[in-house]
Amino acid sequence: MAYEENKAGLNDGKGDAGASINFIEAIINEELKQGKNGGRVHTRFPPEPNGYLHIGHAKSILLNYGIAQKYNGKFNLRFDDTNPTREEQEYVDSILDDVKWLGADWEDRLFFASDYFDQLYLWAEEIIKNGKAYVDDQSSEEIAAQKGTPVKPGDESPYRNRSVEENLDLFRRMKAGEFKNGEKVLRAKIDMAHPNMHLRDPLMYRIIHAHHHRTGDKWCIYPMYDWAHGESDFLEGITHSICTLEFEVHRPLYNWFVDQIQTTDYRPRQIEFARLNITYTVMSKRRLLELVSEKYVQGWDDPRMPTISGLRRRGYTPEALKLFAEKVGVAKRDNVIDVALLEHSIREDLNKKAARVMAVLDPVKVIIQNFPANHIDMVTLENNPEDQDAGSREVPFTREVYIERDDFMVEPPKKFFRMAPGNEVRLKGAYIVKCVDFKLDEQTGEVVEIYCTYDPDSRSGMEGSQRKVKGTLHWVSASEAVNATIRLFDRLFKTEDPSDVAEGEDYKSNLNPDSLKVLENCKLEPGLREAKPGDKFQFQRLGYFCVDKESQADNLIFNRTVPLRDSWTKQSKS
RNA sequence: UGCCCGAUGGUGUAAUUGGCAACACGUCUGACUCUGAAUCAGAAGAGUCCAGGUUCGACCCCUGGUCGGGCAACCA
């Protein structure tokens, strides 16, 4: 049915990218046509709780959940917790938060691979009884040495032909805890000479005497990924087991294991797609963990991190991530997405939603000489020109206001539309002012104060405000402003490809030393005093900002999510 | 010297039983603007890795190359 819809959508001749399907959907459409698995579509996201989720996982979550929704199917969340030595409850909690925040709804289907340890064990005994698995006494080194190489076949283990009885006995004793870590393993008996190394008698179980975050001390043998994964999919009725490309060579093994237990014609199918890469970003769990544990960033949710929690704290929305995932698409070829696409996605979302406010990050004082002292003029400003329902607010205008330091130049270049001696500019929502003088610091030559006159008839809304003025500046009343700390983030790495390094160095040598800039005593319009953690705004002419989780009423802290596009600095640099 | 996968503008992704390549981001113009934003209008930019073959016709099918990626954890 979905197939027909897509056909119709594509036949309108518009070439609408949103209507085109990816290769996974093409596969599903084909299977549906053939009536495979009774027309069911059931996907899953299977994180290992050994780290925080990043935007690559977000793509996968959205892909799996999106497919389930599109085909009226189901989506499961399943923790792949088969290795107690590296998995922790903290990670389970963070993953739960992140998936929930993204909006992928697993309903009542939250599972753990460890839920299936009993069933897996029973199946393993069956496989032993069928002569398809054996207990090996060799060390991991010996087994590795026998495995051969991609171009050389492996050798068979001396324990490969033990009797079923002996294997069963040994396996039961492994389970009972009679052996130490590493003393024995259970191996599938497939083919030591297979060109695909994963089929050279892969391990099914190893002995790990460790406390598991869910099963406690019940088990001391734990299933390997390949053995546990497909069977977990099978138990949950998963139809499409979507994973990344590095598992492509595992697929025959995935299928082999399913073959051992399959009883009906239902079969889960593994499909691989290319993982997401983004310019100026590292994405591997190992590297992200290193950045955190070696304190290159302040934590997993540092706003410079590509983790879901980092992006959330940075001010990204789930909708923006969805937009991004759609634009990025799904395919099998290696890809590196321009980080500009991510930034475009959050601007696209926030442009529609974020309330406009005024904030001056690098303030310089403007004194309006002909404006009465001690007078507050409340002016009205639109909250969001993109959203008529957003309403308006009153903002105090006074004789002394702050403007942005780089909105003033003593000797402006030709196309500078902002404030300069003799120039008229509009103070947004208030009056047109003219710069008549300025004062410099004698030591530094820095501008200390700017003197202006205003045109009382030019108040926004009045007749006199109609006249054309090239520049419009944002401003904040000096006496009414509220102070804030503002954190400006830049890309974490200096180079497009952080892995591109000189001999002997690693990606960390490409860290951008200026990725975090903290500005104190920024001036905000007074209404922002009430802003709460997570609130998002557009600081006009500057960018999108959100209130950090560490922010307090008497110590406001904002994070810059992303600056506005800026054709002026681009032009003025060239 | 094996097995598996991939190759389309700068970057991604599309092209539905083969019918002379589309969309998005980015870039560049211009219009509009009380945000140098947004919006709107427009432009440049690939002839689909290469060589053969099949065909009236190939991004698509076949053959052979080239280049890139993955695979040898008691990790997932």
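All chains are named by letter (A, B, ...) in the order of the sequence lines, taking the proteins before the strands, and each is independently numbered beginning at 1. Excluded from the calculations below are hydrogen atoms, water molecules and symmetry mates; all remaining heavy atoms, backbone and side chain alike, are included.
In terms of the salt bridge (charged side-chain N to carboxylate O under 4.0 Å, His left out) criterion, A:R565 has no residue partners (sequence neighbours excluded). Applying the ring pair (Phe, Tyr, Trp, His ring centres under 6.0 Å) rule to A:Y454 yields the partners A:F371, A:Y431; only residues at least two apart in sequence or on another chain are considered. Listed by chain and number, the residues in a salt bridge (charged side-chain N to carboxylate O under 4.0 Å, His left out) with A:D80 amount to none (sequence neighbours excluded). Residues forming a salt bridge (charged side-chain N to carboxylate O under 4.0 Å, His left out) with A:D334 (at least two apart in sequence, or on another chain): none. Looking at residues two or more places apart in sequence or on another chain, you find a ring pair (Phe, Tyr, Trp, His ring centres under 6.0 Å) between A:F79 and A:F112. Not a single ring pair (Phe, Tyr, Trp, His ring centres under 6.0 Å) links A:H474 to another residue, sequence neighbours left out. Contacts of A:F539 classified as ring pair (Phe, Tyr, Trp, His ring centres under 6.0 Å), with partners at least two apart in sequence or in another chain: A:F545, A:F558. For A:K353, the salt bridge (charged side-chain N to carboxylate O under 4.0 Å, His left out) test picks out A:E319, A:D349, with sequence neighbours left out.
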Please tabulate the protein-to-nucleotide N/O contacts below 3.5 Å involving nucleotides 27-32 of chain B, giving atom names and distances.
{"unit_1": "B:U27", "atom_1": "OP1", "unit_2": "A:K570", "atom_2": "NZ", "d": "2.5"}
{"unit_1": "B:U27", "atom_1": "OP2", "unit_2": "A:R565", "atom_2": "NH2", "d": "2.9"}

Below 3.5 Å between N/O atoms, which protein atoms pair up with nucleotides 68-70 of chain B? Just atom names and distances, please.
{"unit_1": "B:G69", "atom_1": "O4'", "unit_2": "A:D334", "atom_2": "OD2", "d": "3.3"}

* Structure fact -> Dot-bracket assigned to RNA chain B with the 3.5 Å Watson-Crick/G-U criterion, [ ] for crossing and | for other-strand pairs, is .((((((..((((.....[..)))).(((((.......))))).....(((((..]....))))))))))).....
Could you go through residues 245-252 of chain A and list every donor-acceptor pair under 3.5 Å that involves a side-chain atom there, pairing it with any protein atom two or more places apart or in another chain?
{"unit_1": "A:E246", "atom_1": "OE1", "unit_2": "A:T244", "atom_2": "OG1", "d": "3.0"}
{"unit_1": "A:E246", "atom_1": "OE2", "unit_2": "A:T244", "atom_2": "OG1", "d": "3.1"}
{"unit_1": "A:E246", "atom_1": "OE2", "unit_2": "A:R275", "atom_2": "NH1", "d": "3.2"}
{"unit_1": "A:E248", "atom_1": "OE2", "unit_2": "A:K332", "atom_2": "NZ", "d": "2.7"}
{"unit_1": "A:H250", "atom_1": "ND1", "unit_2": "A:D226", "atom_2": "OD1", "d": "2.8"}
{"unit_1": "A:H250", "atom_1": "ND1", "unit_2": "A:D226", "atom_2": "OD2", "d": "3.3"}
{"unit_1": "A:R251", "atom_1": "NH1", "unit_2": "A:E272", "atom_2": "OE1", "d": "2.7"}
{"unit_1": "A:R251", "atom_1": "NH1", "unit_2": "A:E272", "atom_2": "OE2", "d": "2.8"}

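Salt bridge A:E236/A:R44: absent, no basic N to carboxylate O contact under 4.0 Å.
Across all strands, A:S140 comes closer than 4.0 Å to base atoms (heavy-atom distances). Counting any heavy atom pair closer than 4.0 Å across all strands shown, A:S345 reaches no nucleic acid atom. Using a 4.0 Å heavy-atom criterion, one finds that A:R200 contacts no nucleic acid atom at all.
Rounded to an integer number of Å, the gap from A:K322 NZ to B:A24 C1' is 20 Å.
Of the two residues near RNA chain B, A:N384 and A:I337, the one whose nearest nucleotide lies more 5' is A:I337.
Residue-nucleotide stacking is not present for A:Y225 and B:A76, judged by a side-chain ring centre under 5.5 Å from the six-membered base ring centre and planes under 30° apart.
Scanning atom types as modelled, one donor and one acceptor separated by under 3.5 angstrom connect the side chain of A:R333 and the base of B:U8. Applying the 3.5 Å distance criterion, the base of B:U35 shares a donor-acceptor pair with the side chain of A:Q538.
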